[in-house]
Amino acid sequence: MKDIPTKYDPQKKEDEIYSAWAKAGLFNADENSAKDPYCIVIPPPNVTGILHMGHALNNTIQDILIRWKRMNGFETLWMPGTDHAGIATQNVVEREIAKEGLKRQDMGRENFLKKVWEWKEDYGSTIIRQLKRLGCSCDWDRTRFTMDEGLSNAVKEVFIRLYEDGLIYKGDYIINWCPRCGTALSDEEVEHRDTDGMLYYIKYPVQGKKKLEKENEDYVVVATTRPETMLGDVAVAVNPKDPRYESLKGKKLILPILKRELDIVFDEDVDPEFGTGALKVTPAHDPVDFEIANKHGLASVNVMNPDATINSVGGNYEGMDRFECREAIVEDLKQRKLFVRYEEHEHAVGHCYRCHVVVEPRLSKQWFVKMGPLAKDAVRVVKEQKVKFYPDRWTKVYLNWMENIRDWCISRQIWWGHRIPVWYCSDCLKYADVRDVDINGPGGKGVYVGKDAPKACPTCGGNNMEQDPDVLDTWFSSWLWPFSTLGWPEDTKSLETFYSTDVLVTAQEIIFFWVARMIMAGLKFRGDIPFKDVYIHGTVRDATGTKMSKSLGNVIDPLDVIKEVGSDALRFSIISITSQGQDVFLSRDKFDIGRNFANKLWNASRYVLMNLDEDVLEGELDAKALSLSDLWILSSLNDCIDKVNKSLERYRFNDATAALYEFIWHKYCDWYLEISKMAKDKKTTQKVLVKVLTRSLQLLHPIMPFITEEIWQKVPGKTSKWITTSEWPSREEKFDDSEARENMELMIAVISALRNVRAFWNIGQASKVDVVLDVSSSVEEKLLERTTPYIEQLGRCSVKEIGKNVTRPEQSVAALVGGVKVFVPLGGAVDLDKERKRVEKKVEELGKYLLSIEKKLANKAFTDKAPEDVVQKEKSKQERFRAERANLQENLAALQ
RNA sequence: GGGCGCGUAGCUCAGCUGGUUUAGAGCGCUACCCUUACAAGGUAGAUGUCGUAGGUUCGAAUCCUACCGCGCCCACCA
């Protein structure tokens, strides 16, 4: 008799167990191992972040895979780490110093960065701690950070290689500019939101016309959503085929307010259908306009400062914020009778993904990566299925993006990040602002690209080299993650062993940012794919379907859930409600699934372990010596093993939880445990109980690591010290006895039928009923005789007679189970009306089914074309229904 | 403007390559049970024209088409 606490306390136990695992070094991977490697690289969370439900789902999935493979004998490496999240982290620290009234510019670059590092030291391990709390079995000794020396070295190496290959360039283009963060963003970092805006119609006078009477003769009307950008207009463009504007050839327009002279240019790209068909051209603030301007050799006029206030070009508007200026300009135009009208206009407006401020398209000198050449191979490997997406539909999304890929703006005007490894010589290059230096200038003179600061200018030998002030996009380090974390550019044993990794588990939001770029980087720098499978799980949303985010305040904090029900329950719950790739709609009560299941498992284990004789334990089970129920539960276990394996192989995690839930709860607990209470062969039963329990624990361990380990530790005579490193169960064919299963199922059906009759006729639990069993074969007779004790106990009855053609007891009803009729005398007063109603209803139902079956069988096409077994099934179904119907009617007659 | 996903029991959802499903689970609901592992439990039960309309097929919740609702992603129409 073992003493096992009635309640399991996840709060206390989960921490204890995790420490024990860590101490035993169970998660450490050995690159020199002879075993097959299996590697997953964690999608690095933001170093300033805290664990949210998305992380919980993402990491639970990875942990399930890693633990499953570990138990299957693979040398597993789950590579953890965090990324420095340039803009986000800098924003956090800036907010922090703002409390002391400071700006980063006041502190200076060096001091500010010191502050960020301090912040990272203080808070950067929060998310790591939380991942441990979730149970993640990462090899924490290998934890990497994108700003580590090794990874920084990889970043520089990559920059230099791309530069030397001509795939990195610097130039003036329209980029997405976040006025609040004060930096350029890549296209992927802009979130487009449909916004109800206005389309403003404005008159631009034709040069020399005093009175503005006739449209397209005295003036032209242009339509714009952003009137403030007119300060930067250099032309008006119309479609050459547009008859309305033919007469304007050779004429000029006057920009209202600023009185700038504007060309009229004719360009095919202008859509005559939109607005008035006349497009104001603002090359410095719109990508389309920029292109048109380039084609027609027009200059650009930048009208904004980095913070999106109007600069000196704007005259009276100088210093105004862009939206303030918009209103002011509209007002002024109205005054001057140049404003025609506005209409409501919905359009997509870009917002910064970090601070959500409206992004400003802005002409600026930035660094770019040429993506076309990199994308080619990345498209190929996916088309050739070397990299596979699960679910498959993401393949199309990926390919569509890849095939229309645009160059990647990688420079950021912030301080926290990998500084661009380029130095300029102020002696060779005369520049006012170092950021404006054009590296594509004459022969690259005075420019140095390398890992470390040059001692002297390679061109003139001078000592006045200044490093480019910008840093690189954080994703420029993340895209190297699968190999940089393994030691690249060094040729390490880790790389050799674990690259390519096996699977990447991530959310759809990150396909373009990260997945696609990792594939490109892997192929370019390692010559091989970074991972074979990409599993895209759903987005975690709240009950209303909104994405969970801190700013919306609709989050369910996983740590709160863990506090309440434990990490195991959180994991089991979230996995069981997540079907492949479908979004997850969460609410608090969902976590009861896991909590209740953990409770059930704990109590069942208590029962098994408490009633164990000391000398039971191991020893092979002889299939021939096993009872019906033993064989039944053992072969059901075989099925469960198959289902779990198959589900995990196909990334169908909820199927695995469903199979385990069904097996452990409804087969093992509901039936086998109950039957075990009256087993004759105690020793064998105990052996089976323990065997099935330990196997179940193992199968469940990847999903619920803690409680399974806790129970495992209490199992006597276990084969492995830790369940974590125990050998994954495999099916044992010798227990697959289909006859035993059929018989057991018949017994279960008989008992269920008895219970049904009892409930329907309100025969109280306390009173035993007498039962007579009528069988149609001697096999059934033998079986029922053998299992009488179980039927009596679980069906709460006393079996009076078993046989062929037994006499039906007076005033009895019969439940029909296969070929067995279960007669239950009702005794006392019988409510005939009640029975009649029930019978009528059922007969009607059965009649419906029978009719459809008859129709089917009468159809020659069906009997000819359908497979034999399907037809046979229909026939036996028909027989069954007929027998059932006859039985019901007999019941009614017998009671009258 | 393109692409994708979803509409199945009161609620939240499973249901993979058409026929072992007389459409399932969990929660909720009803009735009866503190049966010595578990009331976070046990037993039994009720509730569905599988969004609508067509089509393919001997056979469709499952495949095709259109439509209606809901949601997401991508896109330089100012």
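To find a chain, count down the sequence lines: A is the first, B the second, and so on, and within it residues start at 1.
- Comparing B:G19, B:C76, B:A40 by their closest approach to the side chain of A:Lys7 singles out B:A40.
- Remark: A:Asn596 is in phosphate contact with B:G41, judged by side-chain N or O atoms under 4.0 Å from OP1 or OP2.
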message: Set out, in order, the CA-CA distance, both residues' side-chain angles and the distance that settles side-chain contact (heavy atoms from CB on, under 4.5 Å) for A:Lys875 and A:Val871, then state yes or no.
response: CA-CA 6 Å; A:Lys875 281 185 182 160; A:Val871 177; 4.3 Å; yes
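- In this structure, A:Asn654 and A:Ile575 approach most closely via the heavy-atom pair CB-O, 3.4 Å.
- Side-chain nitrogen and oxygen atoms of A:Thr225 include none within less than 4.0 Å of the OP1 or OP2 phosphate oxygen of B:A78.
- A:Lys848 comes within 4.0 angstrom of no nucleic acid atom, judged by non-hydrogen atoms across all strands.
- Take the nearest nucleotide of RNA chain B for A:Gly277 and for A:Lys877: the residue whose nucleotide is more 5' is A:Lys877.
- Shown are A:Val692, A:Leu689, A:Asn603, A:Ile633; of these, the side chain to side chain contact (heavy atoms under 4.5 Å, CB included) with A:Leu673 is made only by A:Leu689.
- Rounded to a whole Å, the CD1 atom of A:Ile292 is 10 Å from the C1' atom of B:C76.
- Counting only distance, with no hydrogens or angles, the side chain of A:Trp514 and the backbone of A:Glu509 share no donor-acceptor pair below 3.5 Å.
- We find the CE-CG distance between A:Met747 and A:Leu794 to be 6.0 Å, quoted to the nearest 0.5 Å.
- The side chain of A:Thr224 approaches B:A78 more closely than any other nucleotide in the set B:C16, B:G5, B:A78.
- Between A:Lys677 and B:A37 there is a side-chain polar atom (N or O) within less than 4.0 angstrom of OP1 or OP2.
- Nucleic acid contact class of A:Lys280 (heavy atoms, under 4.0 Å, all strands): none.
- As judged by a 4.0 angstrom heavy-atom cut-off over every strand, A:Leu673 is placed among the base-contacting residues.
- Among B:U22, B:A78, B:A37, the nucleotide with an atom closest to any side-chain atom of A:Tyr849 is B:U22.
- Contact annotation for A:Arg650: base contact, defined as any heavy-atom pair under 4.0 Å involving a base atom.
- Among the protein residues, A:His666 comes within range of the sugar-phosphate backbone only, with heavy atoms under 4.0 Å from sugar or phosphate atoms but none that close to a base.
- Residue A:Glu884 is classed as a base contact, given a heavy-atom separation below 4.0 Å to a base.
- Nearer the 5' end of RNA chain B, as judged by each residue's closest nucleotide, is the contact made by A:Phe881, out of A:Phe881 and A:Ser605.
- Within 4.0 Å of A:Leu279, counting heavy atoms only, lies at least one base atom of the nucleic acid.
- Not one side-chain nitrogen or oxygen of A:Lys873 sits closer than 4.0 Å to the OP1 or OP2 atom of B:G19.
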message: Using the rule given for ring pair (Phe, Tyr, Trp, His ring centres under 6.0 Å), can you reason through A:Phe389 versus A:Trp394, listing the C-alpha separation, both sets of side-chain angles and the distance that settles it, and then say yes or no?
response: CA-CA 6 Å; A:Phe389 283 85; A:Trp394 296 111; 8.3 Å; no
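- Residue A:Asp592 contributes atom CG, which lies 12 Å from atom C1' of B:G28 at whole-angstrom precision.
- Following rounding to the nearest Å, A:Ile511 (CD1) and B:G5 (C1') show an atom-to-atom distance of 13 Å.
- Across all strands shown, A:Phe597 has no heavy atoms under 4.0 Å from either base or sugar-phosphate atoms.
- Nucleic acid contact for A:Gln582: sugar-phosphate only, since backbone atoms but no base atoms lie under 4.0 Å from a heavy atom of the residue.
- In this structure, A:Lys677 satisfies the cation-pi test against A:Tyr607, with its NZ or CZ atom closer than 6.0 Å to the six-membered ring centre and inside 45 degrees of the ring normal.
- Looking at A:Arg226, its side chain does come within 3.5 Å of a backbone N or O of A:His285 through a donor-acceptor pair.
- Relative to the side chain of A:Arg796, the nucleotides B:U20, B:A78, B:U35 differ in distance, and B:U35 lies closest.
- The residue A:Arg595 sits close to a base: some heavy atom pair falls under 4.0 Å.
- Picking from B:U22, B:G41, B:A78 the nucleotide with the shortest atom distance to the side chain of A:Asp271 gives B:A78.
- When distances run from any side-chain atom of A:Ala759 to the nucleotides B:C76, B:A37, B:A44, the shortest one goes to B:A44.
- Taking atom C1' on both B:G10 and B:G5, the two are 25 Å apart, rounded to the nearest angstrom.
- A:Asn645 places its CG atom 21 Å from the P atom of B:C16, with the value rounded to the nearest Å.
- Rounded to a whole Å, the OH atom of A:Tyr661 is 14 Å from the C1' atom of B:A14.
- In terms of polar N and O atoms assigned as donor or acceptor, the side chain of A:Arg758 never comes within less than 3.5 Å of the base of B:C32 in a complementary pairing.
- Side-chain proximity of A:Arg880 to B:U47, B:G5, B:U22: nearest is B:U22.
- In this structure, A:Arg406 reaches the sugar-phosphate backbone alone: every heavy-atom distance under 4.0 Å involves primed, P, OP1 or OP2 atoms, never a base.
- Across all strands, A:Asn859 comes closer than 4.0 Å only to sugar-phosphate atoms, never to a base (heavy-atom distances).
- The nearest whole Å value for the distance from the NZ atom in A:Lys643 to the P atom in B:A25 is 14 Å.
- Taking atom CH2 on A:Trp761 and atom C1' on B:U43, their separation rounds to 19 Å, with Å as the unit.
- Out of B:U12, B:G41, B:A75, the shortest distance to the side chain of A:Lys590 is found at B:U12.
- Base contact: A:Pro867 has a heavy atom under 4.0 Å from a base atom.
- Taking the side chain of A:Lys600 as heavy atoms from C-beta on, and the options B:A40, B:C76, B:G42, the nearest nucleotide is B:G42.
- Contact annotation: the side chain of A:Tyr535 approaches that of A:Gln580 to within less than 4.5 Å [non-hydrogen atoms, C-beta and beyond].
- Partner A:Asp639 forms a salt bridge (charged side-chain N to carboxylate O under 4.0 Å, His left out) with one of A:Lys667, A:Lys646, A:Arg741 and no other, that one being A:Arg741.
- Distance A:Glu291 CD to B:A78 P: 15 Å, rounded to the nearest Å.
- Cation-pi geometry between A:Lys600 and A:Tyr668 is not met at under 6.0 angstrom from the ring centre and within 45 degrees of the axis.
- Rounded to a whole angstrom, the distance from the C1' atom of B:A37 to that of B:G19 is 42 Å.
- Checking the phosphate oxygens (OP1, OP2) of B:G45, a side-chain nitrogen or oxygen of A:Asn756 falls inside 4.0 Å.
- Nucleotides B:G55 and B:A61 have their P atoms positioned 15 Å apart, rounded to a whole Å.
- Using a 4.0 Å heavy-atom cutoff across all strands shown, A:Asp670 reaches sugar-phosphate atoms only and no base atom.
- Without hydrogens or angle criteria, A:Arg244 side chain to A:Thr276 main chain gives a donor-acceptor distance under 3.5 Å.
- Which of B:A37, B:C6, B:A78 sits closest to the side chain of A:Tyr607 comes down to B:A37.
- Contact of A:Glu273 with B:A78 (side chain to base): no donor-acceptor pair of N or O atoms is detected under 3.5 Å.
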message: Expected output check: what is the dot-bracket annotation of RNA chain B, where ( ) and [ ] are pairs inside the strand (brackets for crossing ones), | is paired with another strand, and pairs are Watson-Crick or G-U under 3.5 Å?
response: (((((((..((((.....[....)))).(((((.......))))).....(((((..]....))))))))))))....
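- Residue A:Trp394 places no side-chain N or O under 4.0 Å from the OP1 or OP2 atom of B:C72.
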